[in-house]
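Atoms within a ligand are numbered from 1 in the order they appear, just like the ligands themselves. We count residues from 1, following the sequence as given.
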Amino acid sequence: MAYSMVPVGYVRSCFKEKFAIPRQPALASAARGCLELIAPYDRPEAVQGLEAVSHVWLLFVFHQALEAQPRLKVRPPRLGGNRSIGVFASRATHRPNGMGQSVVRLDRVEPGKLWLSGIDLLDGTPVLDIKPYVPYADQVPGAFNGLADTAPPLIQVQWTETALQKAQQHAGRLGEPLVALIEQCLAQDPRPAYQAPPPERQYGVKLWDVEVRWHYPDAHGIRVLEVVPQA
Ligand code: SAM
């Protein structure tokens, strides 16, 4: 039996590419976006009552990771990218039906729009359903996950003076906490686990409408080199 589903809306996110998106929600509180609902869910009735709720579950499609062939095993980056486990033991993006779930902060509700923060979603992500977080049922005392029990360790993020100034200017223009967003995302250390890059190697990512470039001056941290308008 096949089921067909239609999105209720699409996320407009600070993340314009997959690289450097935190691996779970709530790891970057400055990661913000707006879920734009489409008809008929853009009507005020559909969100009535949501103003009483602080967080929502989003059920969504990993639209940029869909595959024709099912995978039974995956190599989660969290485990260093060289240990494979069953797909159902992981939250990997490559999975049956390409479905993701994230609990995110609901900052503001208006008809047809949910303003969100702490997101781990790419721009354009199709959302299939929205459910309120229910603390008494969704918080599980004593729960454990032996593969990923705590948030990933953070690395230090430093700035060049000019990059910090530029980030502050763009933050003012965008009306977004861009400095915090860059620091929170880069502190997750987005490089693939197996890479020990030389200091001359630069990495880049697109956030909102800017491009952020950084390098690894040593083994301990990141230095942000540039924050420039996207080409
Ligand atoms: N919290 C969700 C879950 O557990 O189902 C997502 C976890 S998944 C490991 C998080 C990663 O998904 C992010 O780091 C980002 O690279 C990727 N991602 C986010 N939105 C995506 C999309 N629409 N298509 C493909 N990959 C996406």
Quiz prompt | Tyr10 and Asp123: side chain donor to acceptor below 3.5 Å | solution = no

Practice problem: Looking only at non-hydrogen atoms, find the nearest pair between Val53 and His55 and report the distance. | Solution: CG1-O, 3.0 Å

Practice problem: Can you sort out the partners of Asp129 under side chain to side chain donor-acceptor pair (under 3.5 Å), two or more places apart, ordered by chain and number? | Solution: none

Practice problem: Please list, chain by chain and in numerical order, all residues satisfying side chain to side chain donor-acceptor pair (under 3.5 Å) with Arg223, sequence neighbours excluded. | Solution: His215

Quiz item: Residues two or more places apart in sequence or in another chain: which of them pass ring pair (Phe, Tyr, Trp, His ring centres under 6.0 Å) with Tyr41?
Solution: none

Could you go through ligand 1 and list every pair where one of its N or O atoms sits under 3.5 Å from a protein N or O, giving the atom names and the distance to one decimal?
residue  : atom   : partner : partner atom : Å
ligand 1 : 1 (N)  : Gln24   : OE1          : 2.8
ligand 1 : 1 (N)  : Gln101  : O            : 2.9
ligand 1 : 1 (N)  : Ser102  : OG           : 2.9
ligand 1 : 1 (N)  : Asp120  : OD2          : 2.8
ligand 1 : 4 (O)  : Gln24   : OE1          : 3.4
ligand 1 : 4 (O)  : Gln24   : NE2          : 3.4
ligand 1 : 4 (O)  : Arg91   : NE           : 2.6
ligand 1 : 4 (O)  : Arg91   : NH2          : 3.2
ligand 1 : 4 (O)  : Gln101  : O            : 3.4
ligand 1 : 5 (O)  : Gln101  : N            : 2.9
ligand 1 : 5 (O)  : Gln101  : O            : 3.3
ligand 1 : 14 (O) : Ile21   : O            : 3.0
ligand 1 : 14 (O) : Pro22   : O            : 3.1
ligand 1 : 16 (O) : Lys18   : O            : 3.2
ligand 1 : 20 (N) : Leu122  : N            : 3.2
ligand 1 : 23 (N) : His63   : ND1          : 2.9
ligand 1 : 23 (N) : Thr125  : OG1          : 2.9
ligand 1 : 24 (N) : His63   : N            : 3.3
ligand 1 : 24 (N) : Gln64   : N            : 3.1

Quiz prompt | Trp159 side chain to Glu183 side chain, donor-acceptor N/O pair below 3.5 angstrom | solution = yes

